[in-house]
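First comes the structure, then the notes that go with it.
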Amino acid sequence: MTANGNKPKFAMYWAASCGGCEIAVLNIHEKILDVDANFDVVFWPVAMDAKYKDVEAMEDGSILLTLFNGGIRNEENEHLAKLLRRKTKILVAFGSCACEGCIPGLANLCPVGEIVQTAFNTISTDNPHGIYPRTSYDVPEGELHIPKLAPILRPLDQVVDVDYYMPGCPPESHQIAAVVDLVIKVVRGEAELPPKGCVIGVGDSTVCDECPRARNVKSITEFKRIQDVAPVDPTLCLLEQGIPCNGPATRSGCNARCPNVGAQCIGCYGPAEGVLDYGARLISAFASVIDAKEPEEIERILDGIPDPVGQVYRFNLAGSLLKANMDAWRVKAG
Amino acid sequence: MTERIGVYVCHCGTNIAGVVDVAEVSRWAGEHLAGQGVVVSRDYKFMCSSLGQELIQKDIKELGLTRVVVAACSPHLHEKTFRNACASADLNPYLCELVSIREQDSWVHTDKSAATDKAKAIISGGVARVAHHEALEPLRVPIHPATLIVGGGIAGIQAALEIADAGYRVYLVEREPSIGGHMAQFDKTFPTLDCSACILTPKMVDAGNHPNITLLTWSEVVKVDGYVGNFAVTINKKARYVNEELCTGCGICWEKCPWKVTDEVFEAGLGKRKVIYVPFPQAVPKYPVIDAENCAYFLKGTCKACEKFCPTDAIDFTQKDEQITVEVGNIILATGYDLFDVRRIPQYGYGRLPNVYTSLEFERLSNAAGPTGGNIVLRDGKTVPKTVGIVHCVGSRDQNYNPYCSVICCMQSLKFAHLVHERTGAEVYNFYIDMRTPFKDYEEFYQRLLAEGTHFVRGKVAEITDFARTPEEEGRMIIQVEDTLIGKQRRIPVDMVILSAGLEPRQDAKEVGKLFGLACGTAGWFIERHPKLDPVATMTEGIFIAGCAQGPKDIPASVAQGAGAAARVLGKIQQKEISLEPVRASINEQQCSGCRICNGLCPFNAILFHEDRMVSEVNPALCQGCGTCVAACPAGAISGTGFSNEQILSQIEGLLLVNVNGKTTEAVPA
Amino acid sequence: MTAELSFSNEIINMMYATHGNPISLCLQCGTCSGTCPAVEFMDHTPRAIIGMIRENLKEEVLASNTYWTCASCYHCTVRCPAGIDIADMMYVLKRYSIWKRSYKEGLIGPDFAEAFVKMVVNSGKSYEPILATTYLPRFTAAQLVQEALTATGLVLKGKMPLLPKKIRRLKNFQRMVKRIIPLGEAS
Amino acid sequence: MKQYAYYPGCSLESLAKDYQLSALEVSRALGLEMREIEDWNCCGATAYFPVDELLAYTLVARNLAIAEKTGLTDFVAPCSACFKNAYYTNAYLKKDPDLADHVNFALEEDNLHIAGIMNVRHLIEVILEDVGLEEIRKRIAHPLKGLRIAPYYGCQILRPRKDHEEVENPRYFEDLLSAIGAEPLEYASKTRCCGASLIITNRKAALEMVRILLKEAIDRGADVIATTCPMCNVNLQVYQSQVNREFGTEYSIPVMYFTQLMGMALGIASHRLGVAREPVPKAREAVTA
Amino acid sequence: MTDQFEPTIIGFTCNWCSYRAADMAGTARMKYSPNVRLIRLMCSGRLDPTFVFKAFAGGADAVLITGCHPGDCHYVEQNYKALRRYLLLKRVLAQMGIEPQRIKLLWASAAEGAIFAAEINKYVEEVRALGPLHWGKSGNGSKPIVPDEAKESRTEVPA
Ligand SMILES: Cc1cc2nc3c(=O)[nH]c(=O)nc-3n(C[C@H](O)[C@H](O)[C@H](O)COP(=O)(O)OP(=O)(O)OC[C@H]3O[C@@H](n4cnc5c(N)ncnc54)[C@H](O)[C@@H]3O)c2cc1C
Ligand SMILES: Cc1cc2nc3c(=O)[nH]c(=O)nc-3n(C[C@H](O)[C@H](O)[C@H](O)COP(=O)(O)OP(=O)(O)OC[C@H]3O[C@@H](n4cnc5c(N)ncnc54)[C@H](O)[C@@H]3O)c2cc1C
Ligand code: SF4
Ligand code: SF4
Ligand code: SF4
Ligand code: SF4
Ligand code: SF4
Ligand code: SF4
Ligand code: SF4
Ligand code: SF4
């Protein structure tokens, strides 16, 4: 990759996330060449060697576009988020983790201590000495630091101002390509940027809109896990078959990838436009299709969703109105 | 903040100001809510007075207010008042919000500082909410001038005649072969002892002949679509097996029909009727029906006597049920009542002791056109009773059965006592708990009975038995009761017992209610819009109730309600169109994914699905604005005017601005 | 808040299992008295007693034989249109009168009830002959003879065993009773 | 063979031995195994309640708690008074956790705990519901043809249970009597109280109550009065002579337990039913005929 | 009084029954605790779980939802729909550590002013016993949240 002072600068950073988003960017095939041709990639730890101090040395606002993926879990994530915010004109929360916490956000259901406990001390962990990490440690070479964990994971916009959001776990390659095209056009003066705060690279409805499955007025007397439904009707709406499909509440843009191949949507594209709390939408939706009047009967049907928070907030817990579990806060309180 | 909001805090005399520091509240709102757009905040003695309203109007004009918050009484009382005040100052009425600091605050709290803080919170909620109000126009829908009346008892007949006389079409649907209802079964009516048939028959005939009334007897409503002004009602006309065009009502068929069955409906089981029959001679319409369940032809394939003798070939065994649909703008339900089933009180012996009668049986027994020709005799058909016991409150005012008072039983029991006395000279005992004779000339009737020498025993009958303990009890029924005025248990031997059974909602009232979108109260009667001020309207626009369907009552009250409901309907028809509260749901097609989750949620079937475009749509005329679908749409595609997410979410924020200790809060982890 | 409870409230408070019994809802309809098989032997009818309780006529109520004449047949209870458990209320009056040691002269009921409980507490079971001795002295001579005849008749027919039974874990049983009532009173 | 936790109650050990005998014989013959619970105590009849309500519940609860330990589900009492006490105690304790706490505190002394899990039933209910009329009819060896029986339910078996289908006019006793071939009479006083609980404390009232019941049965031509409760049985039978003395009547009508009548119809020898000592000529005739 | 924790409770009422019950409690001058602030909806069926989350996030200690009795809904049966949502919502909240008692569904007819008032008093007591909810708002901002030192590094990493 050649450095070229005249080309706009591009950065990408990977905070608390799985790395899938980076792969997704590389997965846009020949489009990646457009990126190289049109941008000067100044910072992208997964693809090139770069030092934080180099970024710190840059002039504020000198990077045109930063795709920031991952949530803010520790001090280092937070430092980089703020640093890149200062240096960047267009900061994009890229992928579900940066947008709304995603799977790492589910850790907000536990206090930090418990997370550390689980990581370092479960049956499957080989840690005979019961060793736990420390934030600083003296070695002959000097004092070593590892970043402190925050009590909860926060999506990017809870830490810094975000210009655009691009959900997906990861975002679909065709959507990434479209966004890259758009930015290039903007750079060339051929297009306008959408208004700040927009969600880009998505559709304007929900997954059901793109889902080819047939649907009727819904009324459900039992919720089941998909593996317990045999056989799954390949053409009928999954929700009508009692499988809690998150498609009705999830923003379109993925071409209903999961229901298309026979699996229920689990919601990685996040809430539809204007929705304040994704989980609330699904609670309403699932409850609405239940066909029962007696509390006992309703409870029995609800037993078919054994992990409600996991079901309705798999990707959105950190971005939800309540953001976390009480216990995660309580660590702080007591 | 672009909105310019005015806040008006009412003293309501001392009703509010006695507990809430209104001056402080008003000052606080002006100061602390300025950031939310409040440009003026005032308190005033009576906001709803014309001076109070003028205050608002002046501010709208002079200060250019775009939103108004009035902190006073419940919106159910004065929302309209303040909306109108705004409207006359050219501010869209829906940009006004009335918050209740009286019913919800000053009247229910004693701690003045807590009440003042709560008033601040409530106002803060209202201010936050009003900023998101939209200018709305009431919905206007045309009203179809025809009316459907269900139930051809006296209440339904009265309503039908009133509307028809005013020149509008009425469809009168009656389930039985003839109209007339319960009143047709009676001999005399209290308190004047008019002959029931003499006063009812002319009305029935009028209804039968009226050019504006379409009588649909032997029919039932099966489906109701639409909404106020525009109902489409499907009616099932049961097969009569008699061609109404040809039949002249000559009566040869029922004369010739060789089969008799017990008449459980009109004769209350006391008499018999033919299989092809009219329930009573004055029936309207005059055409008979064939009771197919008992007809020899339908059961065994032979007979057809009626067909053979009919001079006009009107009998038609091939008739089928027929469904017709009519369009109407308003509906009146006058479905009446059922009699309490006295078998549910086994200790009163009905069904076991032959000479225990229900009130309706007695009506037939005493009716000159009844099975005994009006002779009051025991079941053996000849013995005239020497002593008769009449039991009040059977199944009424009793937690084990119906807790309510059935209203008519006392008067009806007095009527019975009089008839028995007059026709048999028997000794009559009336057993009552309280004597209730509340209307015009009723008490006078009671006094007449006292003068006649009727025995009145104050006490609820414990049991009626045929087991004699003493020789004078032999062969008779004994009524065991405490005479509470004397303070002694008494056993009174009688020959005949009449149980004044209470009135109950129709067995199928719940289902019928559902058909029309009406709810029944705990006792099962249809719920009126307001028990005192709107007894014939219901919560569903365009649907009215009259007569005993609304609750137990006597004939004068049933007639008054029938006429009242008719007046309400005529009022609507005259308006030609009706304006509805614009609280409605609507779907943003762009956002709707066609998931169809909302489709099954609307009880008024207001949501339709367009298969072609795969989107749902709300019919604003059907939607009643409950908001259930708004809360349910997972895509956030449905919004509801008047109660939008923005309005409610900001109201929550506003309410939480001041916490219970009066401190402005900022919730943070401790 | 230390104002003394009215008599009617005292009675209502003592209806533990029936949660106070809605005696204030009584219609004074007389169904209870009309039903009662023992009413002839009561000096006030059950309905009247309820009225008297409501009006706090404590002395008159306690001096009445009504509640000790109630046979606990519950016939009034199932018929009362106001949902009042009259029979239970009669039990309450019995308890109240034993507690206050205030009841009509010459009644056998209170002594019998106490004797019965004493016997059960002492043995865990009830046994007719023992009971007889506790109440016999109150009988008139004629009644005594009758009773003796009946009793001997029973014994002759082999219906009445001559020795009372006791339960095995009597000590536990008695400690159990003590947790409910400090025994001083009952035995 | 279905098993039941059987609670005989004090009377069945003394005054009502014949009931005990016949109840067990008939149960056995119908395939019902009555397992007497260990170390039970008196249920208190009607005489605890006037002294202490809580104590009354506790004493009854002890029996229920003992029964709960057996692992059986049904608590069966042949005596109506025992049945009523157990039924309500069980129901109240289930409804009122506070009351249950009090009672359990006392029960600790006998290492017991009541959970309220027993299904409390009267013997006649068990026979009717678990065996059924159909089955009973099949097993009848000697239908009691022509025997006119006044079925006397009494009070405690019916009341104050308001949920019972027909508290005022029950029919099941009649059905049972018809099933064993007898002729049940329309007996208006069948649910009227016999005054057993007053027989000691208010003799006059009790005798009058007995008189009324005897009068109706005899007036209607009954050969025998059938009962479901030892209290009623003893009261109606033993006090007949006193009624005669008091009212100058000459009543003499046999009173038998329904189990004795059933036993005879099932073909069980009279002495095993405790019937031998009872003069019921009509009944014996019916059986031997 | 000043030491006593005063919970703030947001209540949702339907226009037809429970709001009228509140009106009736007022008209009859029944007294109850001032801790509940009511929001009028047309129907309990309008209750969006978002409102409940919003209330908790905004500092409410509990949420009361009221509607017509089952079978008496002005909109025929929308209160059943509220019931279904409520039961699922409660499960979600429980998983998030919000005590189930902090949300309550109450049926009150327009005539039940007394019940309404009594239930509010009872509920305020119940919530008072639970203590404050104190849901954190600070997750919003960029205020640094420091990890809990006490729970960290109990064992040293051997060199
Ligand atoms: C024994 C007795 C004596 C009485 N005596 C007197 C008296 O002397 N004076 C007095 O003032 N009042 C008296 N009353 C009260 C009187 O009967 C009522 O006030 C009056 O009949 C009520 O009229 P209605 O039209 O409301 O109801 P109803 O007379 O019950 O008429 C209702 C009609 O609706 C029809 N219907 C019901 N459901 C449907 C359906 N789903 N579809 C179609 N049709 C349906 C029925 O067939 C019936 O024809 C007495 C009542 C009783 C029980
Ligand atoms: C103490 C009391 C308490 C009550 N409480 C209740 C209650 O709680 N609930 C209930 O339902 N009912 C109650 N009522 C009954 C209730 O008052 C009446 O049912 C109701 O007010 C009747 O209304 P109206 O319009 O027929 O008559 P009114 O209220 O008497 O109105 C008649 C009007 O006509 C005017 N007027 C009279 N003659 C002439 C004339 N010649 N020219 C011009 N104007 C004239 C009068 O000035 C008056 O304004 C109560 C009655 C009383 C006495
Ligand atoms: S719910 Fe799922 S399966 Fe059904 S239409 Fe929507 S996306 Fe497709
Ligand atoms: S269907 Fe749902 S889970 Fe699957 S990719 Fe699309 S948004 Fe993600
Ligand atoms: S059907 Fe024929 S016979 Fe019968 S009334 Fe009509 S015209 Fe006369
Ligand atoms: S065919 Fe039927 S209706 Fe006609 S006469 Fe015969 S039985 Fe009567
Ligand atoms: S619930 Fe929403 S997205 Fe689904 S069909 Fe209805 S309006 Fe459309
Ligand atoms: S708001 Fe209510 S009435 Fe209107 S469409 Fe939605 S569910 Fe139907
Ligand atoms: S039966 Fe009930 S309401 Fe009637 S007097 Fe007796 S206690 Fe009162
Ligand atoms: S329970 Fe007592 S008061 Fe009631 S009817 Fe029986 S004996 Fe009379």
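We name chains A, B, ... by the order of the sequence lines, and we start the count at 1 in each one.
With a threshold of 4.5 angstrom between heavy atoms, B:Arg397 approaches chain C through its backbone and through its side chain. Of the two parts of C:Ala82, only the backbone, made up of N, CA, C and O, holds a non-hydrogen atom closer than 4.5 Å to a non-hydrogen atom of chain B.
Your options are C:Cys36, C:Cys76, C:Cys29, and the one with the most heavy-atom pairs under 4.5 Å with chain B is C:Cys29.
A side-chain N or O of B:Arg458 and one of B:Thr484 form a donor-acceptor pair less than 3.5 Å apart.
Aromatic ring pairs are classed by plane angle as parallel below 30°, tilted from 30° to 60° and perpendicular above 60°; the pair C:Tyr91 and C:Tyr74 is tilted.
Of all heavy-atom pairs between B:Leu503 and B:Trp525, the closest is O-CZ2, 3.5 Å.
In this structure, C:Arg168 is not positioned above the aromatic face of C:Phe173 in the sense of NZ or CZ being under 6.0 Å from the six-membered ring centre and within 45° of the axis.
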